[in-house]
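All figures in this text were calculated on a predicted structure; none of them were measured in a lab.
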Amino acid sequence: MKRALVLVMVTAVVVVSTGAVVAQNTVPPSASTVPAAISTKAVRSKTEAAPLAGKNSFTRGEAARRIAANGYSKVEVGNVDREGIWRAKAMKDGRSVDIALDYQGNVVEQ
């Protein structure tokens, strides 16, 4: 009886520990195996036709931060024009540039 109980306990320990090892060795899918349609990685590509006219919901501060995040410094944001495009002046690579920021977040030198 004791021998049967020991055999059952040893078998249970082996089964449980094997499952734990298998669970630890499971490799999650890499980002390259995730289809593009459901990828969680945000991708922003500049539209050829940018800046695009449309209702702009960025505040002046958000516009300045977005322009700065695109590599510009000394950003001076002006006003939103009739087309909903923020106009600004900034510095990049030692030169002064005019910037347009559309409602989609496209930052374009003018």
Set of residues satisfying side-chain hydrogen bond (donor to acceptor under 3.5 Å, both in side chains) with respect to Tyr103, sequence neighbours excluded: none
Review item, side-chain donor-acceptor pairs of residues 51-58, under 3.5 Å, at least two apart:
| unit_1 | atom_1 | unit_2 | atom_2 | d |
| --- | --- | --- | --- | --- |
| Asn56 | OD1 | Phe58 | N | 2.9 |
| Asn56 | ND2 | Gly84 | O | 2.9 |

Looking at CD of Glu62 and CG of Leu101, how far apart are the two atoms once the value is rounded to the nearest 0.5 Å? 10.0 Å
When you look at Asp98 and Lys89, which way does the side chain to side chain contact (heavy atoms under 4.5 Å, CB included) test go after all the steps? CA-CA 5 Å; Asp98 292 323; Lys89 291 194 178 289; 2.7 Å; yes
Arg60: side chain to side chain contact (heavy atoms under 4.5 Å, CB included) partners, not counting sequence neighbours: Val77, Asn79, Trp86
Contacts of type side-chain hydrogen bond (donor to acceptor under 3.5 Å, both in side chains), residue Gln110, not counting sequence neighbours: Arg87
Nearest non-hydrogen partners of Ile99 and Val97, listed with the distance: CD1-CG2, 3.7 Å
Residue set satisfying salt bridge (Lys or Arg N to Asp or Glu O under 4.0 Å) with Lys92, at least two apart, ordered chain then number -> none
Residues which pass salt bridge (Lys or Arg N to Asp or Glu O under 4.0 Å) with Arg82, listed by chain and number, not counting sequence neighbours: none
Rounded to the nearest 0.5 Å, the OH atom of Tyr72 sits from the CG atom of Asp93 at a distance of 8.5 Å
I need the Glu76 CD to Ile67 CD1 distance, nearest 0.5 Å. 11.0 Å
